[in-house]
Structures are given as structure tokens and as C-alpha cells.
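Working notes, beginning with the structure itself.
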Amino acid sequence: MYIEVEGTKLHYESMGEGMPMLIFHGHSVDYRLMAGPIEQCFGREDAYQRIYFDIPGMGESQLNDSIGSWEDLKRLFLQAIRELIGDQKCLMMGESFGAYLVRSLVSAIPEQVEGIGFVCPWIPDIEQKLPERVITVKEPGTQWEDHQYDYFTGIAVQWKQEVWKRYQEEIEPGILLFDRHFDDLKNELTVDEEAVFDKPAVFMMGRQDHCAGYEAAFKLMEKYPRATYAIVDSCGHNMQIESDGVFEALMKNWLKRVEEFHEL
């Protein structure tokens, strides 16, 4: 599916019905990174419309001359949200760079957002020390030094065939579509540093995530008084596939808290 905003065609996939959940992937991938693990959490009766966006320069959303900064991306998505769901209450989720984008979007429409989910959030506006790069699992029987695994082994902390298979299905296709001109955009977003989000939230992070870390997220704790924080051992920047069972449990707990919040 596509929606055209200010001459830019934004690609998105919509699944399910009910309260909209707007979902944003990270840098250099596409919507499949989030759709894979999230769709496993839903059955036929779940009352959420999951809307997975491709960020311009990634997946099937293309960059054009009207986009010169991350703030331009934010403006486009705010307009897309208005056209797709109007003023309906919604949830938002973001992974890595997508988490930074979600924080900025929520700053613009805080009253519309009823819950936020962060997966391996990249938080560039807060200083932190990143964990050392380590490997926690190295499954025997595979030549992991072979060049076909280079990008995977550069990020993964679990070198296992089941994780590699998920990587091939959900992450690698987006990497192959990445437009490197995205990295030429002015790279800053406006986030309301004083705002407090007092609705259900969840932070899901890998203890061994040497790309985005986890310390910065805890420095935001007072801004998210209804947030669950989870740092999962033996997980890096692909926590959602390296510990998919924990991911699913955290997702379901978050959605249950959202439902209970609505019942108050």
C-alpha cells in the first residue's frame, strides 16, 4: 500500500483491525524487521490495526528532493498519520532509529498516543557508554567466518542458524534496498525533553547491544513513569529475533496494560 504526501510516496503495510498501532523500523532496513516478530504476537481476535511504515530511503519508500532532513521525515509522517487515521487514538512502536523518530512524533501529538513501545532504542541525544562487542553463542557446524555472514556477525551476538534464518527473512531484504543517500540528510530531530508520557510504555533492550546500548534509556525513566524496562541477556541489537519468546511476552504484557489503562 502507498500514501502520497507532499509528492513523496510512502509505502506501508496494514494488518488487522481496531485501534491503530503505528510501527517504525530502524536504519537501513524495512518494515519486515518489525512485522516478523510483531505479527507472531497477534491472533485473529486481536483488536489492533498494525500499520508498518517504510521510512523514505528504505524499503519501497523512496527519497526525493523535498526531503533534506530527518525533520522533513517527521513532517511527512505526521501528515500521513492525519490522512490514515485522523485523530483516532493510537499506539506507536519504534526500533533503533525508529524509536528516536517515535519520540519526536509523540512530542508533536502526545494526546493522540495511548502507548509506546521501544525496541533496542537509539537515543542519540543522551550520552552513554556502549557495551563491549561480545559473542554469547556460537553454534558449531557453520563456517561463520565466510563472507556471506559478515553483516550478520557484525551485529548479532547469537551466531545460530535459527537467528540467521530470521535475519535472512526479516532484515537482509531491507538492507539490500537501502538508499545510502539517506545518510546525507540533516540528522537531527526535535524531541520535547520536558514532556512526561504517563501512559503504558515498554523498553526492550539487549544487554550486549553494542550499537544502541541501554544506559541512555534508563536516563529517561522519570519521563516514562508507566514504562516496563527489560534488558535481556544474550541479546544484541536484534533482540526481537535473538530472544523472540521474551519479546512476545513483553509485547503481550504491554498491550494488556494498555487495555487496562483504557478501562480506568
Compute whether any side-chain donor of one residue and acceptor of the other, for Arg180 and Ser28, lie under 3.5 angstrom apart.
no
Under 3.5 Å, is there a donor-acceptor pair between the side chain of Gln240 and the main chain of Phe247?
no
Between Asp54 and Glu13, is the side chain to side chain contact (heavy atoms under 4.5 Å, CB included) condition met? List the steps.
CA-CA 9 Å; Asp54 274 343; Glu13 294 292 332; over 6 Å; no
Using only atom types and a distance under 3.5 Å, with no angle test, would you say the side chain of Thr153 pairs donor to acceptor with the backbone of Tyr149?
yes
On a heavy-atom basis, the closest approach of Val5 and Leu76 is O-CD2, 3.6 Å
Side chain to side chain contact (heavy atoms under 4.5 Å, CB included) assessment of Gln62 paired with His181
CA-CA 10 Å; Gln62 296 185 345; His181 289 99; over 6 Å; no
Between His11 and Tyr2, is a ring-ring contact (aromatic ring centres under 6.0 Å, His included) present by the stated rule, with each step listed?
CA-CA 5 Å; His11 172 251; Tyr2 293 89; 5.2 Å; yes
Is NZ or CZ of Arg50 both nearer than 6.0 Å to the six-membered ring centre of Phe42 and within 45° of the ring axis?
yes
Flag the pair Glu194 / Asp192 as yes when at least one side-chain heavy-atom distance between them is below 4.5 Å, and no otherwise.
yes
Check: Thr190 main-chain N/O paired with Ser104 side-chain donor or acceptor under 3.5 Å:
yes
Look at Lys165 together with Glu169 and state whether they make a salt bridge at an N to O cut-off of under 4.0 Å.
yes
Gln49 and Ser14: CA distance, side-chain angles, deciding distance, side chain to side chain contact (heavy atoms under 4.5 Å, CB included) verdict:
CA-CA 7 Å; Gln49 178 190 11; Ser14 178; 2.9 Å; yes
Just by distance, with hydrogens left out, do Tyr214 and Gln208 show a side-chain donor and acceptor under 3.5 Å apart?
no
Indicate yes or no: at least one non-hydrogen side-chain atom of Met92 is less than 4.5 angstrom from one of Leu101.
no
Tyr31 and Leu10: same hydrophobic cluster, using ILVMFWY side-chain contacts below 4.5 Å?
no
So, does Asp72 use its side chain to make a donor-acceptor pair with the main chain of Ser69 at under 3.5 Å?
yes
Yes or no on ring-ring contact (aromatic ring centres under 6.0 Å, His included) for Phe203 and Phe218, after CA distance, side-chain angles and deciding distance?
CA-CA 9 Å; Phe203 286 77; Phe218 280 89; 8.0 Å; no
Just wondering, are more than 12 heavy atoms of other shown residues or ligands nearer than 6.0 Å to CD in Gln88?
yes
Determine whether a donor-acceptor pair (N or O, by modelled atom type, separation under 3.5 Å) exists between the side chain of Lys199 and the backbone of Ala227.
no
Would you say the side-chain atoms of Gln158 and Asn238 include a donor-acceptor pair closer than 3.5 Å?
no
Checking the side chain of Glu242 only, and the main-chain atoms of Cys235 only, is there a donor and an acceptor separated by less than 3.5 Å?
no
Any side-chain donor near an acceptor of the partner, His147 and Asp150, under 3.5 Å
yes
Which residue is it: Val106, Leu91, Leu22, Val102? I am looking for the one with a side-chain contact (heavy atoms from CB on, under 4.5 Å) to Val113.
Val106
Test side chain to side chain contact (heavy atoms under 4.5 Å, CB included) applied to Lys186 and Ile67, step by step:
CA-CA 9 Å; Lys186 185 177 179 182; Ile67 303 171; over 6 Å; no
Between Glu60 and Arg32 (salt bridge meaning N to carboxylate O under 4.0 Å), is one present in this structure?
no
Which atom of His210 lies closest to which atom of Leu130, heavy atoms considered
O-CD1, 3.4 Å
Backbone N/O of Pro200 and side chain of Trp254: donor-acceptor pair under 3.5 Å
yes
Can you find a heavy atom in the side chain of Met21 that is under 4.5 Å from one in the side chain of Leu255?
yes
Does any non-hydrogen side-chain atom of Glu215 lie less than 4.5 Å from one of Glu127?
no
4.5 Å side-chain heavy-atom contact, His237 and Cys120
yes
Measuring only between side-chain heavy atoms, which start at C-beta, is Arg166 closer than 4.5 Å to Pro37?
yes
State whether the side chain of Glu83 and the backbone N or O of Leu78 hold a donor-acceptor pair below 3.5 Å, judged by distance alone.
no
Between Glu248 and Cys41, is there a donor-acceptor pair closer than 3.5 Å when you use the side chain of the first and the backbone of the second?
no
May I ask you to decide if the ring planes of Phe97 and Phe182 are parallel, tilted or perpendicular, using 30° and 60° as cut-offs?
perpendicular
Between Glu145 and Lys138, does a salt bridge (charged side-chain N to carboxylate O under 4.0 Å, His left out) hold up when you go through it step by step?
CA-CA 11 Å; Glu145 292 74 21; Lys138 189 174 183 180; 3.1 Å; yes
Could you tell me whether the side chain of Thr142 reaches within less than 4.5 Å of the side chain of Gln161, counting heavy atoms only?
yes
Hey, does the side chain of Arg133 reach the backbone of Val157 with a donor-acceptor pair shorter than 3.5 angstrom?
no
Residue pair His27 / Ser96, side-chain donor-acceptor N/O under 3.5 Å:
no
Could you check whether any side-chain heavy atom of Ile38 comes within less than 4.5 Å of a side-chain heavy atom of Met93, counting everything from C-beta outward?
yes
What is the ring orientation for Tyr224 with Phe118, classed by angle as parallel under 30°, tilted 30 to 60°, or perpendicular over 60°?
perpendicular
Students often mix this up, so state it plainly: with edges at 30° and 60°, are the rings of Phe77 and Phe53 parallel, tilted or perpendicular?
perpendicular
